[in-house]
There are 2 protein chains.
Amino acid sequence: MRRKESVNLVEVAKAAGVSKTTASDALRNSGRVSERTREHVVAVANRLGYSPNLVARSLRSSSTGTIGLHLPEVLTRSEYYMSFVLGVVDRAAKMDYDVMLITAHNVPSRRFHRVDGVVLGDPLETDTVVRGLLNSSVPVVTCERYTGDAEPAAVVRSDHAGTLDRLLDHLRSAGARDIAFLASSTVTDWGRTLQQTYLRWCERHDMRPRLREMAFGSPTAVMQDNVRALLNADPAVDALVCAPDGSAAAVLPVIRAAGRTIGEDLLLASCVDSTALHHTDPPVTAIDLRPREAGAACAQLLFDILSGEAPEGTVSALPIGLTERRSTRG
Amino acid sequence: MRRKESVNLVEVAKAAGVSKTTASDALRNSGRVSERTREHVVAVANRLGYSPNLVARSLRSSSTGTIGLHLPEVLTRSEYYMSFVLGVVDRAAKMDYDVMLITAHNVPSRRFHRVDGVVLGDPLETDTVVRGLLNSSVPVVTCERYTGDAEPAAVVRSDHAGTLDRLLDHLRSAGARDIAFLASSTVTDWGRTLQQTYLRWCERHDMRPRLREMAFGSPTAVMQDNVRALLNADPAVDALVCAPDGSAAAVLPVIRAAGRTIGEDLLLASCVDSTALHHTDPPVTAIDLRPREAGAACAQLLFDILSGEAPEGTVSALPIGLTERRSTRG
DNA sequence: TTGAAAGCGCTAACAA
DNA sequence: TTGTTAGCGCTTTCAA
């Protein structure tokens with residue numbers, strides 16, 4: 001469209017009376033030109049309103065200054081992923097990188113020339129974009145392990161098993177003797193780890209497991225139906241741990257409708273914290289996954305891989321925490 | 001790094017025994033080559049694992065297949081913006097476009113060569129990125145008007161004034177006679193419109209306005225302090241409308257602590273709906289801003305501007321709605 | 001310290 | 001229907 005609206009390097013060079021090489025070096029501060037010419041060229045460039053064509057630069061230098069980011073399709077509305085994205089963007093901006101959101105439409109077979117590397121948040125085994133990216137030759141960092149059979153360049157992990165154990169111990173010491181678990185699907189490493197941890201904990205403590213699994217991205221009505229059914233079927237249940245993001249908040253009305261009092265005859269906890277859980281009555285105990293830090297850690301690890309500072313196969317640990325609130329005081 | 005790992009057009013052309021133009025045309029389905037050669041070239045390309053270098057393509061065709069997206073820095077955690085982003089990404093993907101998140105670090109003075117156009121969600125007057133983008137020569141579509149003095153190519157708007165009027169009327173007919181307003185800053189068109197609408201409505205109905213303004217992105221503690229102070233100072237207040245995203249949910253504990261019963265002696269409503277407000281006790285009446293549709297509408301309008309189907313200066317209306325819940329039954 | 005020339009991988013204009 | 005040639009705007013040799 002607007003042809004020739006922007007001035008290019010040659011024009012700057014001409015106006016400054018130097019070669020295009022010198023102009024390029026001056027503007028990139030390569031340390032090759034004298035201070036005097038550098039200042040001169042920069043002044044001319046500013047006067048002409050020059051901005052470098054990053055596409056041309058990418059083509060020549062074969063590095064794009066951009067990282068890709070892909071998240072599960074089904075996330076719908078989730079504070080966790082929003083914070084995760086912000087963490088990635090924030091760290092990328094610090095390194096002077098842009099972030100491109102990658103969707104299903106155009107992942108090529110071998111090389112994704114538009115980005116220098118990719119961050120995958122909670123890669124689903126079933127996601128074709130994830131598979132495409134892992135099979136392409138661009139470096140990939142995942143948040144949580146990929147449970148399929150391709151290897152990312154590096155992984156950021158958290159100790160979900162240990163933290164859920166702590167949560168279950170906490171419930172037990174608050175008096176719970178029959179803890180139910182609203183589980184997330186095993187299609188992610190996170191969901192799978194939580195299920196296993198719950199089942200093993202029950203075994204160790206001689207507690208009969210009461211687990212209901214929900215598909216990733218289930219609508220709230222389904223979560224509510226499950227909990228309603230669960231409370232009806234097993235009136236002895238005196239604590240409930242909710243894994244899917246948003247499920248703890250969503251089932252509050254159902255629990256109230258069942259005549260239970262949260263924090264007293266039914267302890268409630270969530271595997272994903274959110275601001276909503278701060279303000280409920282009572283506030284709900286939750287695992288703090290520190291999504292913003294997770295995003296930043298993934299981006300940083302990707303940059304370390306790209307620069308060679310971190311070797312392929314690096315697994316980096318992200319600490320997470322348990323925030324106890326009134327819903328589990330017992 | 002991995003030099004020569006990916007095969008390029010010349011190699012495909014050579015292997016297929018055609019010129020690189022023909023190969024290019026065959027792979028892009030330009031309709032210039034015979035069906036026979038097209039199939040042959042495509043087969044060879046697949047066999048070699050060819051994927052086109054989009055950077056080179058962009059440089060040559062001077063269109064990037066990417067749109068930019070910029071949101072206010074202060075959004076912190078917000079379901080509204082998450083949905084907005086999904087709307088943009090979704091529509092972009094349908095048009096075979098990628099979405100790049102634009103942050104403060106690298107907005108140039110004249111031309112942002114990496115994107116074909118930009119969507120701005122709720123542009124803040126004070127945001128330097130917004131100003132830079134609006135002054136650059138790339139087409140910009142904003143969600144809500146920009147209150148500064150530059151003109152975007154097009155705007156998507158909603159009838160916030162009309163909808164807030166409806167909400168206030170609804171409160172009045174539910175018995176409210178003294179409606180307070182927790183306002184958002186006037187730094188966005190949305191915040192400004194809501195304040196004006198509230199004040200005019202009060203005037204028309206001979207009601208003394210009780211307005212407290214919060215800075216964009218205020219922490220929940222500040223919101224809570226404001227409402228606590230408001231309820232103390234004006235015990236006659238029998239309804240509260242909360243503008244800032246998340247504030248209605250955040251002030252619930254404060255209202256309870258003040259001994260008020262929501263939906264009975266204090267009606268509560270929010271100017272931004274969210275899933276959290278569905279599940280509170282009682283559920284909270286809210287304006288549904290339809291963020292996902294807003295994002296999609298912005299992206300679509302940008303594509304229409306780019307293709308010339310929509311003229312510069314287009315203002316497109318997005319319908320929004322009011323969802324009445326138990327918090328305002330009166 | 002600077003300049004000239006080559007070329008990143010592709011598409012568009014011009015020929016055949 | 002196909003091939004040849006010329007760049008897109010930049011960075012990077014290689015030479016001076």
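In what follows, chains carry the letters A, B, and so on, assigned in the order in which the sequence lines appear, proteins first and then strands, with residues in each chain numbered from 1.
- Summarising the local packing, CG of A/N29 is surrounded by more than 12 heavy atoms from other residues, nucleotides or ligands at distances under 6.0 Å.
- Side-chain N/O atoms of B/R60 and base N/O atoms of D/dG7 include a donor-acceptor pair closer than 3.5 Å.
- In this structure, CZ of B/R114 is placed 14 Å from C1' of D/dG9, rounded to the nearest angstrom.
- If you check the side chains of A/T64 and A/D116, you find a donor sitting under 3.5 Å from an acceptor.
- Against DNA chain D, the stretch residues 20-39 of chain A makes heavy-atom approaches under 4.0 Å through A/K20, A/T21, A/S24, A/R28, A/R32.
- The pair B/D189-B/R157 meets the salt-bridge criterion, with a side-chain N (NZ, NE, NH1 or NH2) lying under 4.0 Å from an Asp/Glu carboxylate O.
- Using a 4.0 Å heavy-atom distance criterion, B/V18 is classed as a sugar-phosphate-only contact.
- In this structure, a donor-acceptor pair under 3.5 Å is present between the side chains of B/R28 and B/S24.
- Nucleotide D/dT2 holds its P atom 20 Å from the NZ atom of B/K14, rounded to whole Å.
- Rounded to whole Å, atom P of D/dC8 lies 13 Å from atom CG of A/L59.
- A/L9 has its CG atom 15 Å from the P atom of C/dT2, to the nearest Å.
- Between the CG atom of A/N53 and the C1' atom of D/dG9 there is a distance of 6 Å, given to the nearest Å.
- Between A/F84 and A/Y81, the ring planes lie perpendicular to each other; the angle is over 60°, past the 30° to 60° tilted range.
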Test salt bridge (charged side-chain N to carboxylate O under 4.0 Å, His left out) applied to A/D90 and A/K94, step by step: CA-CA 6 Å; A/D90 210 55; A/K94 282 211 179 74; 3.5 Å; yes
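- At the phosphate of D/dC10, OP1 or OP2 sits under 4.0 Å from a side-chain N or O atom of A/Y50.
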